[in-house]
Protein chains: 2
Amino acid sequence: MATQDDNWFIEHFDSAGTAFGLRLKRKLEEARTPYQHIEMWDTETFGYLMTIDGATMLTTRDNFLYHEMMAHPALFSHAGARNVLIIGGGDCGTLREVLRHGGVASAIQIDIDEQVTRYSEKYFPELCESNDDPRAELRFEDGVKFMQECDAERFDVIIVDSTDPVGPAEGLFKAEFFRHCHRALADGGVLVQQSESPLLHSDTIIRDLHHNMREAGFSHTRTLPFPQPVYPSGWWSCTLAGKNRDVGAFREGDAADKDFATRYYSADIHRGALVLPPFMQDALS
Amino acid sequence: MATQDDNWFIEHFDSAGTAFGLRLKRKLEEARTPYQHIEMWDTETFGYLMTIDGATMLTTRDNFLYHEMMAHPALFSHAGARNVLIIGGGDCGTLREVLRHGGVASAIQIDIDEQVTRYSEKYFPELCESNDDPRAELRFEDGVKFMQECDAERFDVIIVDSTDPVGPAEGLFKAEFFRHCHRALADGGVLVQQSESPLLHSDTIIRDLHHNMREAGFSHTRTLPFPQPVYPSGWWSCTLAGKNRDVGAFREGDAADKDFATRYYSADIHRGALVLPPFMQDALS
């Protein structure tokens, strides 16, 4: 449920019992697509805001936290990824981070709703600056169906940049979907899924995610927490799964010497994110 | 500004342009003291909530993040603190964490408003479980005045567990106050101050804090970020200052072998928190 009163957008996370809001300048435009209701807002202090069905998706100011952490830990955990798949991620911010890696030869982004990308091109052009990269392919179709039909061992890294595991994205958290991902990854491949809040979901969604990834055949799984102010609790996570690869290790030297700038990610931040606080260790053990 | 509609407590952080809220069961009680308006609430998912003048102070569910990070990094950065002072901290949660350290011989807590402690004893009894420890002394008086008059070199660690640097607590962020703290610390002493949001305040409050601490004579300063869902942006920090002590180092072995349980703090978390993301390094350089 979301309300807009007195120039505040307030999103009530009913299941969490928490709410988050941003002060608005104004609503910019909206679209009802075959899939969802997308709204674009101009905020007082966070730049542009995209909401989908009343849920906060991203803002200009803080999306770097999420996009950097969805891309770089997975890519630096892999020995040298050439073929990358992004499921969801229609705002193209994850795609941009992936293409910063010079070794990547191909990155396919599959989001079901083209309107997300069209709005992102208009309001978040900085996230779309790599959309014309010859290595990038943007497809607008059903990511679950794509994975079902995907050739075996086609990708080195799969990034599931999805919405919450309720409604349309629920299937993206299940063992069946992860089995398709596992088959589509080459040996040594890495899967990463956004995995909700360490405070709110460690003993539910995150624990189940590890279980489902292991059941699908992944040998190693690790959850990395990071701050994300506009999502419930302001604390978020991604969970990595390795196909015969230890995702608790990464190419630390390459990460430290990377030839592109980041605002949140660094080799030291990556190492720190691999450490879970005791309460999370307990929840996941 | 805070509003209470349809069983939601929503705090609007006007200067940040963000809002945070919790779903309520009901208001429990309130008190207008000579200093502030304190309200106690029962929430649906975060246990009890204390607000002061409409601002969220703490909840049952997530205060462990803040209290552990206000106490343990400072104490494990010190060579072996015996005398500890807490300015503010009337909920007694920081005091409890301090007294987990067996080497501490004395911990004085100075909060101006006794009603905060009385409510905490009633609604957060777990935070007050060390109030009767013979090493603890609870005083209800003006912390700024206490520091002005404090004997030199009386304390090993000073913890400033204050509200935001607007209104009553503004003086607790200024160089003059830090000069009094510096004088009151023995050589090798450590000061720690809660220091707001890395996302929102790195290039304002946090940068100024380092400047003011250095100007007051502290040789070393370090900011450690940590999650804190109920505060603006959900991402918070403490800033350590050392009197001829490098607060970028700590007793890692002692922290790893500590004889008490924590839910967020660990030696590994402490080491990780000493790493700042690139955007913060830039803001503070």
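Sequence lines set the chain letters: A, B, ... in the order given, protein chains first and strands last, and positions in each chain run from 1.
Side-chain atoms of B:L200 and A:R61, non-hydrogen and from C-beta on, do get closer than 4.5 Å to each other. In this structure the side chain of B:H12 reaches within 4.5 angstrom of the side chain of A:I10, judged on heavy atoms.
A salt bridge does not link B:D282 with A:R263: every distance from a Lys NZ or Arg NE/NH1/NH2 to an Asp or Glu carboxylate oxygen is 4.0 Å or more.
With chain A as the partner, the residue from B:T262, B:L199, B:D62 showing the most heavy-atom pairs under 4.5 Å is B:L199. The greatest number of non-hydrogen atom pairs below 4.5 Å with chain B, out of A:G234, A:A261, A:P198, A:G21, is found for A:G21. Note on A:P277, A:S197, A:S266: by heavy-atom pairs under 4.5 Å with chain B, the leading option is A:P277. Of the listed residues B:S233, B:A273, B:P225, B:G272, the one with more heavy-atom pairs under 4.5 angstrom with chain A than any other is B:S233.
Note that CG of B:L65 and CZ of A:F279 are 6.5 Å apart. Values are rounded to the nearest 0.5 Å. Separation of atoms CG (B:L276) and OH (A:Y264) is listed at 10.0 Å; rounding is to 0.5 Å. Atom CD of residue B:Q281 and atom CG of residue A:D268 lie 8.0 Å apart, to the nearest 0.5 angstrom.
Heavy-atom distances place the side chain of A:F46, and not its backbone, under 4.5 Å from chain B. Residue A:Y265 touches chain B through its backbone alone, counting heavy-atom pairs closer than 4.5 Å. Only the backbone of A:A16 comes within less than 4.5 Å of a heavy atom of chain B; no side-chain atom from C-beta onward does.
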**Message:** side chain to side chain contact (heavy atoms under 4.5 Å, CB included) for A:D14 and B:R23? Distances and angles first, verdict last.
**Reply:** CA-CA 8 Å; A:D14 284 313; B:R23 188 161 47 188; 3.6 Å; yes

